[in-house]
Enquirer: 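Please find one structure pasted underneath; my questions will follow.
Here is how names work: the chains are called A, B, and so on, in the same order as the sequence lines, proteins then strands, and each is numbered from 1.
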Number of protein chains: 2
Amino acid sequence: MPATPTADLDSLTPGARRILDTASRLFYEQGIHAVGVDTIAAESGVTKRTLYDRFGSKDGLVTAYLRSRDRRWRSMIEARLGEAGADPLPRILAPFDVLPLWLDECTRGCSFINAFGELHDGDHPGRDVIVEEKTWLLDHFRTSLTQAGIVEPEPLAVQLLSLHEGAIVAYSITSAAGAAEAAHAAARSLVELALTSQGTR
Amino acid sequence: MPATPTADLDSLTPGARRILDTASRLFYEQGIHAVGVDTIAAESGVTKRTLYDRFGSKDGLVTAYLRSRDRRWRSMIEARLGEAGADPLPRILAPFDVLPLWLDECTRGCSFINAFGELHDGDHPGRDVIVEEKTWLLDHFRTSLTQAGIVEPEPLAVQLLSLHEGAIVAYSITSAAGAAEAAHAAARSLVELALTSQGTR
DNA sequence: AGGCAACTTCACAGATCAGTGTACCAAGGA
DNA sequence: TCCTTGGTACACTGATCTGTGAAGTTGCCT
């Protein structure tokens with residue numbers, strides 16, 4: 001039994017691994033409140049007792065679900081960032097490069113946005129994970145824009161964040177074809193516009 | 001008793017009105033699955049029997065909630081469209097003019113996006129309302145862009161939709177200041193860019 | 001006077017919810 | 001050999017969930 005009931009994602013027992021995988025799938029497909037712990041345990045081939053021994057509570061499992069999802073997404077971005085090197089523009093646009101891949105498995109919307117709508121409780125630990133994820137992305141835009149020489153990055157960073165999040169929403173609800181590519185192109189235009197208009201001032 | 005159990009928003013009895021108002025508030029604040037019909041009835045000062053007599057089921061009430069929200073939002077846009085006249089640019093940007101007002105009451109995100117994440121059931125009538133709302137907005141951008149002389153409006157329409165939806169998400173999760181204004185400015189830039197680059201081609 | 005619409009009261013059904021207690025078992029390391 | 005870890009089996013609690021049935025009340029319209 002782990003010392004803390006909040007599971008460490010790096011050292012999951014085989015049962016815990018299966019529970020988290022099953023829960024991730026069901027939470028994403030059906031919503032967090034719509035899925036019961038009995039269902040998760042049954043579909044994981046595990047008893048409810050094991051679930052509670054590993055994750056402490058349903059809220060603990062929800063938080064682990066969000067943390068693992070966050071980690072996977074960030075590792076995708078960081079891999080792209082590694083390829084991008086020191087060039088500022090590719091660094092700024094890295095999240096938009098990853099977006100088509102991410103959207104492939106996000107046909108039911110962004111797991112974070114969906115969860116945020118369900119977790120009304122202001123002090124639910126899962127909310128922090130979500131806010132942190134979006135804040136991290138906003139920080140990434142702000143930092144990389146500054147590195148590119150944009151002196152007032154704030155409004156542009158917010159615009160890029162909006163484009164990024166909106167593309168996921170637009171794609172999942174209206175099935176708009178090429179939403180990721182369109183968002184990528186718009187992001188590039190806005191950044192280039194900011195660079196040139198700043199240079200010619 | 002209305003002939004159809006799916007309520008007509010224009011002819012609600014006093015009790016039904018109170019039920020819908022209470023349900024709208026609770027659904028939005030806490031999430032659809034997190035609120036029970038007992039709570040809604042109690043807080044409306046009405047019995048559960050009345051709720052079921054007026055709306056048929058919880059799903060019926062959810063659908064009425066989404067339809068009334070959709071109607072109010074659309075009327076805001078159409079009012080702005082009336083002020084805009086025949087000028088193409090203000091017509092395109094009308095949704096972004098309304099956005100700051102809409103965001104004032106959307107501190108917990110977009111009710112449609114939130115509901116879409118909770119309504120996993122593919123044939124839930126509420127899903128149609130949500131898809132229709134976003135599709136309507138996409139259509140508005142496409143149509144008004146065409147009227148402005150943009151020959152290939154599709155990618156730009158998707159970009160504007162993404163900006164619009166993303167601004168709501170960014171504002172509600174990261175509390176990004178001026179998200180609506182930033183999205184408005186970005187939308188204007190993208191449209192103007194499309195108009196000039198097309199003109200000089 | 002009659003009828004209908006809106007609504008109340010209240011008990012009840014059947015399912016599902018998160019979470020717990022107790023006892024047991026198998027494998028691996030000290 | 002003993003202890004720990006990871007798990008099983010299963011019954012159970014108490015709350016909450018959506019939804020129904022039957023009978024009664026109030027007030028307006030004709």
Enquirer: Can you tell me if A/Asp97 uses its side chain to pair, donor with acceptor, with the backbone of A/Ala84 under 3.5 Å?
Expert: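 Not at all, since once roles are kept as given, no pair shorter than 3.5 Å links the two residues.
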Enquirer: Pick out the pairs of N or O atoms, protein on one side and nucleotides 21-24 of chain D on the other, that lie under 3.5 Å.
Expert:
| from | atom 1 | to | atom 2 | distance (Å) |
| --- | --- | --- | --- | --- |
| D/dG21 | N7 | B/Arg49 | NE | 3.1 |
| D/dG21 | N7 | B/Arg49 | NH2 | 3.3 |
| D/dG21 | O6 | B/Arg49 | NE | 3.3 |

Enquirer: Atom CD1 of A/Ile40 to atom P of C/dG19: distance rounded to whole Å?
Expert: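 Atom CD1 in A/Ile40 sits about 11 Å away from atom P in C/dG19.
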Enquirer: Go through B/Asp70 and B/Glu132 one step at a time and tell me if the side chain to side chain contact (heavy atoms under 4.5 Å, CB included) criterion holds.
Expert: CA-CA 9 Å; B/Asp70 175 48; B/Glu132 206 196 323; 5.6 Å; no
Enquirer: Looking at D/dT8, C/dA18, C/dC7, which one has an atom nearest to any side-chain atom of A/Thr47?
Expert: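 Among the listed nucleotides, the one closest to the side chain of A/Thr47 is D/dT8.
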Enquirer: Closest nucleotide of DNA chain C for B/Gly45 versus for B/Lys48: which of these residues is on the 5' side?
Expert: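 Per heavy-atom nearest nucleotide, the more 5' residue is B/Gly45.
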Enquirer: Under 3.5 Å, is there an N or O donor on one side and an acceptor on the other linking the side chain of B/Lys58 and the base of D/dG19?
Expert: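 Answer no: no donor N or O sits under 3.5 Å from an acceptor.
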Enquirer: D/dG7 C1' sits how many Å from A/Ile19 CD1, rounded?
Expert: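 Rounding to the nearest Å, CD1 of A/Ile19 and C1' of D/dG7 are 10 Å apart.
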Enquirer: Judged by atom type as modelled, is there a donor-acceptor pair below 3.5 Å linking the side chain of B/Glu165 to the main-chain atoms of B/Lys134?
Expert: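 No, B/Glu165 side chain to B/Lys134 backbone: no donor-acceptor pair under 3.5 Å.
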Enquirer: Is B/Arg91 paired with B/Asp87 through a side-chain N to carboxylate O contact shorter than 4.0 Å?
Expert: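 Salt bridge flag = no for B/Arg91 with B/Asp87.
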Enquirer: So, is A/Thr50 close to the D/dT8 phosphate, meaning a side-chain N or O under 4.0 Å from OP1 or OP2?
Expert: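 Affirmative; the distance criterion is met.
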Enquirer: Checking side-chain polar atoms at under 3.5 Å, does A/Thr146 have a donor or acceptor matched by the opposite partner on A/Thr143?
Expert: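 No, no side-chain donor-acceptor contact under 3.5 Å.
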Enquirer: What is the distance from OH of A/Tyr52 to C1' of D/dA9, rounded to the nearest Å?
Expert: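 Interatomic distance, OH of A/Tyr52 to C1' of D/dA9: 17 Å.
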Enquirer: If we ignore hydrogens and angles and just use 3.5 Å, is the side chain of B/Arg69 paired with the main-chain N or O of B/Ser111 as donor and acceptor?
Expert: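 Side chain of B/Arg69 to backbone of B/Ser111: no pair is present.
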Enquirer: Counting only side-chain N and O atoms of B/Thr13, is one of them less than 4.0 Å from OP1 or OP2 of C/dC7?
Expert: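 True: B/Thr13 side-chain N/O within range (under 4.0 Å) of C/dC7 OP1/OP2.
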Enquirer: Nearest whole angstrom, please: distance from the C1' of D/dC17 to the CG of B/Leu61.
Expert: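 Rounding to the nearest Å, CG of B/Leu61 and C1' of D/dC17 are 15 Å apart.
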Enquirer: Select one nucleotide: of C/dT9, C/dA18, D/dT18, the one nearest the side-chain heavy atoms of A/Val37.
Expert: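 The answer is C/dA18.
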Enquirer: Mind calculating the distance between CG (B/Leu12) and P (C/dA6) to the nearest angstrom?
Expert: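 Value for this atom pair: 11 Å.
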Enquirer: Rounded to whole Å, how long is the line connecting atom CG of A/Asp59 with atom C1' of C/dC17?
Expert: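 It works out to 13 Å between those atoms.
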Enquirer: Is it true that B/Arg188 and B/Glu192 have a side-chain N and a carboxylate O under 4.0 angstrom from each other?
Expert: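 B/Glu192 and B/Arg188: salt-bridged.
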Enquirer: Among the candidates C/dC17, D/dA9, D/dC17, find the nucleotide nearest to the side-chain atoms of B/Asp38.
Expert: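 Taking heavy atoms from C-beta onward, the closest nucleotide is D/dC17.
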Enquirer: Please report the distance, rounded to the nearest Å, between CZ in B/Phe55 and C1' in D/dT18.
Expert: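 Computing the B/Phe55:CZ to D/dT18:C1' distance gives 16 Å.
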Enquirer: How many whole angstroms separate atom CD of A/Gln30 from atom C1' of C/dC17?
Expert: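 In whole Å, C/dC17 C1' lies 15 Å from A/Gln30 CD.
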Enquirer: Looking at D/dT8, D/dG6, C/dA18, which one has an atom nearest to any side-chain atom of A/Val46?
Expert: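 Per side-chain heavy atoms of A/Val46, the pick is D/dT8.
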